[in-house]
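Position 1 is the first residue of the sequence, and the numbers go up from there.
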Amino acid sequence: MIVLLVDDEYYARKALAQMIQDWEPDTIVYEAEDGLQALELLEKTQPHVVFSDICMPKVDGIQLAAHIAESYPAVFNVIISGFDDFKYAQKAIAYKVEQYLIKPADKDEIVELLNAIDGKLQAAAAQGREQRLAALLYEADEVKHELSGLDEPDSYVFAVVQAECADANQLQPVAAEALARCGLDMIAIPDRHYANMLVIRLALNEPLAAGKLSRLREQLNELIVTYTESTGKRLSAGIGGVHQDGANLQRAFIEAKTAMLHRLLCGSGKVHLYSEVVKNSRYSLELLDDMIVPLYPKIVKNQMKDVQETVNKIFELIVELGPSIYALNNACSKLIAVLNSVIETFNDRSLETKSYWERIDLYRFFSTDQIADHITRHLTEISKALEKSSPKVDVVEDIRQYVMHNYRHDIVLEDLAKNTYFTDPSYLSRLFKKKSGTCFSKFVTEVRMYNAKKLMETSPGLAVAEIADAVGFNDCSYFIQMYKKFFGETPGKSIKAKEV
């Protein structure tokens, strides 16, 4: 703490200086004989506290208090005066003076006051660190993502704690008490996007980093137990990797959040380390893709029992195989793509328009069962809405819609007949040709050709082989042959003509 004493009485000033030094020997004490000298020292010394007499030459204590209130509002101003006069006390209050004491000052009174001010300074410093950390994590790009202005530890790590309830008021005090016992240099702030999430930055100093990480993990485990016992709600935590560069602040934060999300694969009530969960980083599983592709026609036909069983099985396999949180997110994205395809069909058929989904926020869920129920509920809602939106389409129109949405995949009429419409393939083939005026295979080719041409127009940088694959052709040569037959020129010429 830095203290500035302002009093034209030498012995009174020295007596107060001695009281302050006795309270805390490390306190830096500056002295001024009058208010004018104090004004000069204010700028040079940047004190935390000013003790000032009232009656002084040049600039008195009330004038000094007014200047401090206007120019140094963070400074604690205390007046010690021989005048027990209400008008002086009233002016002191107007200038937000911390306390008005009567000379001679009592040592116990001074110590009590200094302790109170020290507590406020520490609280303000902690709040400032929290605000700086929050700004670095959540503010716009103009805020530089570096630790200057916060502190610069040798290294640091982030931890994230999230409760299974939305009441941050329950989480904050329990967490604060538990983490205070840890005795580590921490900053803990509530997450701005999730009321039930706490963000912690721990400063490390090598070579003690490993020991501190171990203590942090133990303390978080203790916190989980304490919180669960007191609230009945489970708590999960994630600890990111160790970083030295302040520019990696965002990355370190995301690592901790990613680690914590592994509760969806391993269960809540645990502490997950990023260094452990990142080892299993498989992104996708072909088995899941094979299960997701057939969902669209089943949803359109309101076969929701099969859809629900499939969705549940997908998430059961994710937990069983435990590929990674990235694979879980990837599977969710593909299921949302199916949902959006059904929404698109609904919007095409109905006067009403439904909004598309962007993504699933995994931080809102605490188990894969919750995610499965969430997705199934919305798939059921759109399926029912689709069924009510218009008269039922006939089989041929249904097949046409299916081809237009799934031309990228291998489409076989025999499979549709047996697995979707439960009819004879030859009958379905004759029916399709009779009602549409063209055979099924030719219609599929037409859809693929028109989409190939559209892709060339919108994505000129794609190679012919990439376009062929994108519209469902495994053989590029066959694609070129069919394209030329359909449009009278090769796809390469179409691309060159577009470039010209």
Side-chain angles (χ1 to χ4, degrees), residues 130 133-134 136-138 156-182 184 186-202 213 215-243 249-278 280 315 318-319 322 324-329 332 359-375:
E130 291 169 6
L133 178 61
L136 290 170
L137 292 179
Y138 302 110
Y156 62 94
V157 68
F158 271 89
V160 171
V161 180
Q162 189 174 27
E164 289 186 359
C165 68
D167 188 1
N169 293 327
Q170 285 184 308
L171 175 60
Q172 287 284 91
V174 178
E177 183 180 349
L179 294 173
R181 293 196 300 269
C182 197
L184 300 174
M186 293 184 179
I187 308 174
I189 60 173
D191 185 85
R192 286 190 179 179
H193 305 301
Y194 305 96
N196 57 342
M197 186 182 292
L198 190 67
V199 180
I200 304 160
R201 198 220 64 179
L202 171 66
L213 276 179
R215 286 170 61 194
L216 175 62
R217 190 173 195 177
E218 291 173 5
Q219 207 63 47
L220 289 175
N221 273 315
E222 255 187 64
L223 171 59
I224 288 171
V225 173
T226 303
Y227 184 83
T228 303
E229 289 176 350
S230 63
T231 66
K233 299 289 185 179
R234 287 184 296 181
L235 200 65
S236 298
I239 300 176
V242 177
H243 292 267
L249 203 70
Q250 284 286 341
R251 176 183 167 188
F253 178 39
I254 292 171
E255 286 177 355
K257 292 178 71 176
T258 301
M260 188 265 299
L261 270 185
H262 272 71
R263 62 161 186 247
L264 295 169
L265 302 176
C266 308
S268 297
K270 300 176 183 177
V271 180
H272 305 280
L273 289 181
Y274 182 76
S275 58
E276 294 174 358
V277 302
V278 78
N280 193 4
F315 286 100
I318 288 174
V319 173
S324 72
I325 203 67
Y326 306 109
L328 172 61
N329 190 55
C332 289
R359 64 184 180 89
I360 288 182
D361 187 351
L362 295 181
Y363 296 103
R364 304 287 182 190
F365 301 91
F366 298 91
S367 71
T368 52
D369 288 343
Q370 290 180 355
I371 301 174
D373 290 344
H374 178 74
I375 292 175

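Pairing each heavy atom of Val157 with each of Gly241, the nearest pair is CG2-O, 3.5 Å. Minimum heavy-atom separation, Asn196 to Ala163: ND2-O, 2.7 Å. Taking both residues in full, the closest heavy atoms of Gly269 and Ser236 are given as N-OG, 3.3 Å, listed atom of the first, atom of the second, then distance. Annotation for Leu198 and Ile189: closest pair CD1-O, 3.5 Å, computed over non-hydrogen atoms. Considering all non-hydrogen atoms of both residues, His272 and Cys266 come closest at CE1-CB, 3.9 Å. Contact record, Cys332 with Leu362: SG-CD2, 4.1 Å, taken as the closest heavy-atom pair.
Looking at heavy atoms from C-beta onward, Asp191 lies in side-chain contact with Phe253 at the 4.5 angstrom threshold. Using a 4.5 Å cut-off on side-chain heavy atoms (C-beta onward), Tyr227 and Val161 make no contact. Under the 4.5 Å side-chain criterion, counting only non-hydrogen atoms from C-beta, Arg234 is not in contact with Phe366. When side chains are defined from C-beta on, Gln370 does not count as touching Arg364, because their heavy atoms never get closer than 4.5 Å.
Note that OG1 of Thr226 and CG of Leu235 are 10.0 Å apart. Values are rounded to the nearest 0.5 Å. Interatomic distance, Leu249 CG to Leu133 CG, rounded to the nearest 0.5 Å: 6.5 Å.
For Arg217, the side chain to side chain contact (heavy atoms under 4.5 Å, CB included) partners two or more places apart in sequence, or in a different chain, are Asn221, Ile239, Val271, Leu273, Glu276. Every ring pair (Phe, Tyr, Trp, His ring centres under 6.0 Å) that Phe365 has, sequence neighbours left out, goes to His374. For Thr228, the side chain to side chain contact (heavy atoms under 4.5 Å, CB included) criterion is met by Ile224, not counting sequence neighbours. When the side-chain hydrogen bond (donor to acceptor under 3.5 Å, both in side chains) test is applied to Tyr194, the partners found at least two apart in sequence or on another chain are Asp361. With sequence neighbours left out, the salt bridge (charged side-chain N to carboxylate O under 4.0 Å, His left out) criterion links Glu218 to no other residue. With sequence neighbours excluded, the residues that form a side chain to side chain contact (heavy atoms under 4.5 Å, CB included) with Ala256 are Phe158, Val160. Scanning for side-chain hydrogen bond (donor to acceptor under 3.5 Å, both in side chains) contacts around Ser268 gives Glu164, with sequence neighbours left out.
Screening residues 253-271 for salt bridge (Lys or Arg N to Asp or Glu O under 4.0 Å), with sequence neighbours left out, gives Arg251-Glu255.
A donor-acceptor contact shorter than 3.5 Å links the side chain of Gln250 to the backbone of Leu137. Using a distance-only test at 3.5 Å, with no hydrogens or angles considered, a donor-acceptor pair links the side chain of Gln162 to the main chain of Tyr363. Put simply, the side chain of Tyr274 never gets that close to the backbone of Ala252: no donor and acceptor are under 3.5 Å apart.
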#### Entry: Ile200/Leu220 under side-chain contact (heavy atoms from CB on, under 4.5 Å): CA gap, chis, key distance, verdict
CA-CA 11 Å; Ile200 304 160; Leu220 289 175; 4.2 Å; yes

### Task
Please report the C-alpha distance between Phe315 and Ile371 in whole Å, then the side-chain angles of each, then the deciding distance to 0.1 Å, and finally whether the side-chain contact (heavy atoms from CB on, under 4.5 Å) criterion is met.
CA-CA 8 Å; Phe315 286 100; Ile371 301 174; 3.6 Å; yes

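Screening Ile318, Ile325, Val319 for a side chain to side chain contact (heavy atoms under 4.5 Å, CB included) involving Leu264 leaves a single residue, Ile325.
Classified by interplanar angle (parallel below 30°, tilted 30° to 60°, perpendicular above 60°), the ring pair Tyr138/His193 is perpendicular.
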